[in-house]
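Only one structure is covered here, and it is reproduced in the block below.
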Amino acid sequence: AKSQGRNRYSVFTPSMQDVAQKRMRLINDLRVAIAEHQFSVFYQPIVDLKTGQIRKAEALVRWRHPVDGMVSPADFVPVAEETGMIVDIGNWVFQQAVKQVTQWRKTHHPDFQVSVNVSPVQFRNEGINQATWLAQLSAAGLPGQAVLIEITEGLLMDAGGNVTEQLRGFRQAGIGLSLDDFGTGYSSLSYLKKFDIDVLKIDQAFVRNLTADSDDMALCNVIIVMAHTLGLKVVAEGVETQEQCDLLAAAGCDYGQGYLFARPALAADMPLNLAWESAP
Ligand code: C2E
Ligand code: CA
Ligand code: CA
Ligand code: CA
């Protein structure tokens, strides 16, 4: 029994220990990152496919680890969510976004809007101090329309009374709601109405194969028609080629976001006057 145990130990435990150690290090490093302000916010333009104009951008958090360099949010946001640290990070991102949109409204366009990703965890346990967020907006002299909150279907699926109330609070302040990664979760059309969603973001998984897979084109078409019927705007994510852009524009998609237009970058490096040539 003992040797069996040892065998099991040598086969399985080291890798598990490795994973656990990596996680512990990540958690510790994240704590330091918050204390030492190692984060920055990148912005990616959201392009109006009819006019080519840029009046919107999405805020995307970045972490420059002192040793490992840039760490993708895909790698640290889940751990930040599990540990609750996303609350502090998210509050900081919102604060930065408010500063940035204030500037763009002065220097670029008075209606400029910045989208902020908000994780379900931020809605739980008094994560978002909604009063503080709204106070930051009014202190900057901004209407609610200056920001948009990107949420995911998971939040709406098990939205308790508290979440519903917070969403209503944002809406009452004029802050729109955007449903991120649409089509990848357990989408229910009833959510769109119940939570008064303003914008659908078609997940990049559907955009990726648009030119090769006629099913994906059909899905995009259906999503766009349905959204418009319900009075929602549609953003296509992950637009990488002109061909994808043309197909989406022809299907009536309102906005496009992706590497074709610009990669996420620091505000100073974000192009504001692409004047993108839209499809006929
Ligand atoms: P998301 O909200 O779906 O953001 C879109 C992701 O697609 C971003 O990845 C963006 O850089 C990437 N992307 C944009 N255009 C293209 C393209 O043409 N092709 C491809 N392949 N990718 C493109 P990023 O910045 O690595 O963020 C990953 C995820 O991390 C986000 O997905 C979001 O769920 C989360 N995240 C990012 N910033 C925040 C934040 O401030 N708060 C919270 N709670 N989550 C965040
Ligand atoms: Ca998003
Ligand atoms: Ca998305
Ligand atoms: Ca995503």
Side-chain angles (χ1 to χ4, degrees), residues 30 33-34 38-47 49 54 56-64 69-101 113-124 127-128 133 147-155 176-185 187 197-211 223 234-245 248 253 255-267 269-271 274 276:
L30 265 177
I34 291 171
Q38 293 169 2
F39 298 101
S40 52
V41 180
F42 274 18
Y43 296 88
Q44 188 178 33
I46 297 172
V47 182
L49 294 181
I54 296 170
K56 298 175 195 296
E58 178 176 4
L60 294 157
V61 70
R62 292 290 180 266
W63 174 22
R64 190 183 290 282
M70 279 297 191
V71 185
S72 163
D75 293 328
F76 74 82
V77 166
V79 175
E81 288 178 333
E82 285 164 40
T83 53
M85 286 189 270
I86 194 68
V87 171
D88 282 343
I89 298 171
N91 286 337
W92 182 80
V93 169
F94 185 81
Q95 203 184 330
Q96 298 303 306
V98 166
K99 276 189 201 162
Q100 191 52 56
V101 75
Q113 180 184 62
V114 169
S115 299
V116 178
N117 292 285
V118 182
S119 138
V121 175
Q122 293 172 264
F123 281 92
R124 282 183 216 127
I128 297 174
W133 283 26
V147 292
L148 191 77
I149 285 179
E150 297 201 2
I151 54 175
T152 49
E153 291 159 315
L155 175 74
L177 301 176
S178 180
L179 195 52
D180 211 346
D181 306 336
F182 188 75
T184 59
S187 320
I197 303 294
D198 302 277
V199 178
L200 283 192
K201 296 192 83 168
I202 302 180
D203 193 75
Q204 50 195 57
F206 301 106
V207 175
R208 196 173 299 129
N209 300 315
L210 214 50
T211 47
I223 294 173
V234 184
V235 179
E237 298 189 314
V239 180
E240 293 184 352
T241 69
Q242 183 64 51
E243 221 179 342
Q244 291 166 343
C245 176
L248 289 160
C253 186
Y255 301 95
Q257 182 181 353
Y259 297 166
L260 173 68
F261 309 108
R263 289 187 177 250
L266 286 172
D269 300 324
M270 193 185 81
L274 276 175
W276 196 261

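When a ligand or atom number is given, it counts from 1 through the structure's own listing order.
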Please could you name the atoms of ligand 1 that E237 approaches to less than 4.0 Å, counting only its heavy atoms?
3 (O)
Short N/O/S contact of S115 with the Ca ion (ligand 2) (below 3.0 Å):
no
Could you label the plane-to-plane angle of the F94 and W133 rings as parallel, tilted or perpendicular, counting under 30° as parallel and over 60° as perpendicular?
parallel
Per-atom filter on ligand 1: closer than 4.0 angstrom to a heavy atom of Q44 are 14 (C), 15 (N)
Backbone N or O of S119 within a donor-acceptor pair of the Q122 side chain at under 3.5 Å?
yes
Please confirm whether Q122 approaches ligand 1 to less than 4.0 Å, judged on its heavy atoms.
yes
Any side-chain to backbone donor/acceptor pair from Q244 onto E240? Under 3.5 Å, distance only.
yes
Can you sort out which atoms of ligand 1 are near V93, meaning under 4.0 Å from one of its heavy atoms?
41 (O)
Quick check on contacts: which atoms of ligand 1 are under 4.0 angstrom from a heavy atom of D181?
3 (O)
Which atom name does E150 have for its N/O/S atom nearest to the Ca ion (ligand 2)?
OE1
Which atom of D181 is nearest the Ca ion (ligand 3), counting N, O or S only? It is OD1
Any atoms of ligand 1 less than 4.0 Å from a non-hydrogen atom of S119? List them with their elements.
44 (N)
Can you tell me which N/O/S atom of D180 has the shortest distance to the Ca ion (ligand 3)?
OD1
Is the CD atom of E82 crowded by more than 12 outside heavy atoms at less than 6.0 Å?
yes
The Ca ion (ligand 2) - closest N/O/S atom in E58
OE2
Close side-chain approach of E153 to D181, heavy-atom, < 4.5 Å
no
I need the minimum non-hydrogen distance between T184 and F206, along with the two atoms involved.
N-CE1, 4.4 Å
Considering distance alone, does some N or O of P73 sit under 3.5 Å from an N or O of ligand 1?
no
Is the closest N or O pair between E81 and ligand 1 shorter than 3.5 Å?
no
State if R208 counts as touching ligand 1 under the rule of any non-hydrogen atom under 4.0 Å.
no
Output the distance between atom CD (Q257) and atom CD (Q204), rounded to the nearest 0.5 Å.
9.0 Å
For E237, what is the atom name of its N, O or S atom nearest to the Ca ion (ligand 3)?
OE2
Going by the order shown, which atoms of ligand 1 are within less than 4.0 Å of some heavy atom of E58?
2 (O), 4 (O)
Polar contact flag for E150 and ligand 1 (N/O pairs, less than 3.5 Å):
no
Check contact between G90 and ligand 1, using heavy atoms of the residue and a distance below 4.0 angstrom.
no
Under 3.5 Å between any N/O of Q257 and any N/O of ligand 1: does that happen in this structure?
no
Among V118, N117, L155, I151, which residue satisfies the side chain to side chain contact (heavy atoms under 4.5 Å, CB included) criterion with D180?
N117
Going by the atom numbers of ligand 1, which of them fall below 4.0 Å from some non-hydrogen atom of Q204?
7 (O), 13 (N), 20 (C), 21 (N), 22 (N), 23 (C)
Can you tell me how far the CD1 atom of I223 sits from the NZ atom of K201, to the nearest 0.5 Å?
14.0 Å
Of D180, T241, D75, V61, the residue with the heavy atom nearest atom 41 (O) of ligand 1 is V61
If we number the atoms of ligand 1 from 1 as shown, the ones under 4.0 Å from a heavy atom of E240 are 17 (C), 18 (O), 19 (N), 20 (C), 21 (N)
Is the closest heavy atom of R62 to ligand 1 under 4.0 Å?
yes
Atom CD1 of I89 and atom CG of N91: how far apart are they, to the nearest 0.5 Å?
10.0 Å
